[in-house]
Amino acid sequence: MARVSQAHLDARRRQILDGAARCFARNGFHATSMQDVLREVDLSAGAVYRYFSGKEELIGAIVGEVLGAIREAFEEAAGQTPPPPPDVLVPQVLTMVLGMGRRMGAGDESAFPRLMVQVWTETLRDEKLARLMHEGYDAVRGAWVRTVVAYQEAGVMRSDVPAEHVARTMIAMAQGFAAQRALFGEVPVTVLQDGLRALMSMDADGAPARREPAEAPAGD
């Protein structure tokens with residue numbers, strides 16, 4: 001019997017994970033059965049169980065991939081030198097996360113936020129997955145603290161607020177916007193960018209930042 005190559009094994013595993021991600025995004029983890037996954041990937045039970053012992057193991061693999069994709073997007077964005085301003089950086093992260101969802105096979109952009117929310121919920125009942133999420137969040141938070149420190153050292157952000165507080169808030173903006181997309185339907189990422197830009201235009205007293213009047217064109 002010809003030996004199956006590692007590339008073939010990896011591709012088959014990827015096929016199963018992508019199909020499961022689509023099922024979970026549509027119906028949730030616990031309303032999806034293994035029969036649903038088998039129909040989605042068009043494989044026999046034996047072929048699927050060669051890679052995953054059951055639905056719980058499949059859920060764990062999907063959760064790990066989603067959390068990994070989110071962590072990768074946040075860390076990659078935070079690693080830019082010099083970092084772009086928050087109204088560019090936060091929407092950029094969300095765009096990257098949505099793109100990773102498409103590459104994972106989670107469906108269109110509206111499917112991946114739904115899968116993200118389900119992953120967060122799953123970590124509340126599974127201690128092992130919760131530890132994985134906390135480890136990822138700590139790494140993301142550390143990367144974004146360094147970004148905020150870079151803002152403060154460059155003099156473009158006030159330095160009297162702890163960098164960690166700002167980093168947590170920026171992360172929450174991206175997470176919250178993803179949750180809005182999952183719950184209320186697709187909203188363009190530009191909405192988040194516009195909102196952040198408006199918030200950044202306020203001065204320390206909460207009033208709109210004063211701008212110098214535009215200079216009149218020569219000859220007027």
Taking all heavy atoms of Arg158 and all of Val161, pick out the closest pair and write down the distance. NE-CG2, 3.8 Å
Quick one, His165 and Val148 - any side-chain contact, counting heavy atoms below 4.5 Å? no
Any donor-acceptor pair under 3.5 Å linking the side chain of Arg114 with the backbone of Ala182? no
Less than 4.5 Å apart, side chain to side chain, heavy atoms only: is that true for Met170 and Val93? no
Quick one: closest heavy-atom pair of Asp87 and Gln193, and the distance? O-CG, 3.0 Å
Taking Val88 as the starting point, is it possible to reach Val140 by hopping between hydrophobic residues whose side chains are less than 4.5 Å apart? no
Here the pair of heavy atoms bringing Ala47 nearest to Leu43 is CB-CB, 4.2 Å
For Arg50, the side chain to side chain donor-acceptor pair (under 3.5 Å) test, sequence neighbours excluded, returns none
When rounded to the nearest 0.5 angstrom, what distance separates CG in Leu132 from CG in Asp126? 9.5 Å
Closest heavy-atom pair, Leu38 versus Ser44, reported as atoms and distance to 0.1 Å, is CD2-O, 3.7 Å
If we only count heavy atoms from C-beta on, is the Val189 to Arg181 side-chain gap below 4.5 Å? yes
Backbone N/O of Val117 and side chain of Thr121: donor-acceptor pair under 3.5 Å: yes
Is there a path of hydrophobic side-chain contacts, each under 4.5 Å between heavy atoms of I, L, V, M, F, W or Y residues, that connects Tyr137 with Leu67? yes
Check for me, please, whether Trp120 and Leu94 land in the same ILVMFWY cluster - side-chain distances under 4.5 Å, paths through other members count. yes
Heavy-atom closest contact (Phe177 atom, Pro188 atom, distance): CZ-O, 3.5 Å
Could you tabulate the donor-acceptor pairs under 3.5 Å formed by side-chain atoms of residues 73-86, not counting sequence neighbours?
residue : atom : partner : partner atom : Å
Glu75   : OE2  : Arg71   : NE           : 3.4
Gln80   : NE2  : Ala77   : O            : 2.9
Gln80   : NE2  : Gln92   : OE1          : 2.5

Single-linkage hydrophobic cluster Phe29~Tyr51, side-chain heavy atoms < 4.5 angstrom: yes
Taking Val37's backbone N and O only, do any of them form a donor-acceptor pair with Lys55's side chain (distance below 3.5 Å, no angle check)? no
Basic-acidic side-chain contact under 4.0 Å: Arg131, Glu127: yes
Less than 4.5 Å apart, any side-chain heavy atom of Pro162 and any of Val145? no
List in chain and number order the residues that pass salt bridge (charged side-chain N to carboxylate O under 4.0 Å, His left out) with Arg39, two or more places apart in sequence or in another chain; answer none if no residue qualifies. Asp36
Would you say Met173 ends up clustered with Val156 if hydrophobic residues are merged whenever their side chains have heavy atoms under 4.5 Å apart, either directly or through other cluster members? yes
Assess the residue pair Leu58 and Met34 against the criterion (side-chain contact (heavy atoms from CB on, under 4.5 Å)); give the C-alpha distance rounded to whole Å, side-chain angles, the decisive distance to 0.1 Å, and a yes or no. CA-CA 9 Å; Leu58 196 51; Met34 284 301 289; 4.1 Å; yes
Closest heavy-atom pair, Leu17 versus Ala61, reported as atoms and distance to 0.1 Å, is CD2-CB, 3.8 Å
Run the salt bridge (charged side-chain N to carboxylate O under 4.0 Å, His left out) test against Glu40 and tell me which residues pass, sequence neighbours left out. Arg22, Arg26
Which residue pairs satisfy the side-chain hydrogen bond (donor to acceptor under 3.5 Å, both in side chains) criterion with at least one member in residues 142-157, sequence neighbours excluded? none
For Gln6, check side chain to side chain donor-acceptor pair (under 3.5 Å) against everything at least two apart and list the hits. Asp10
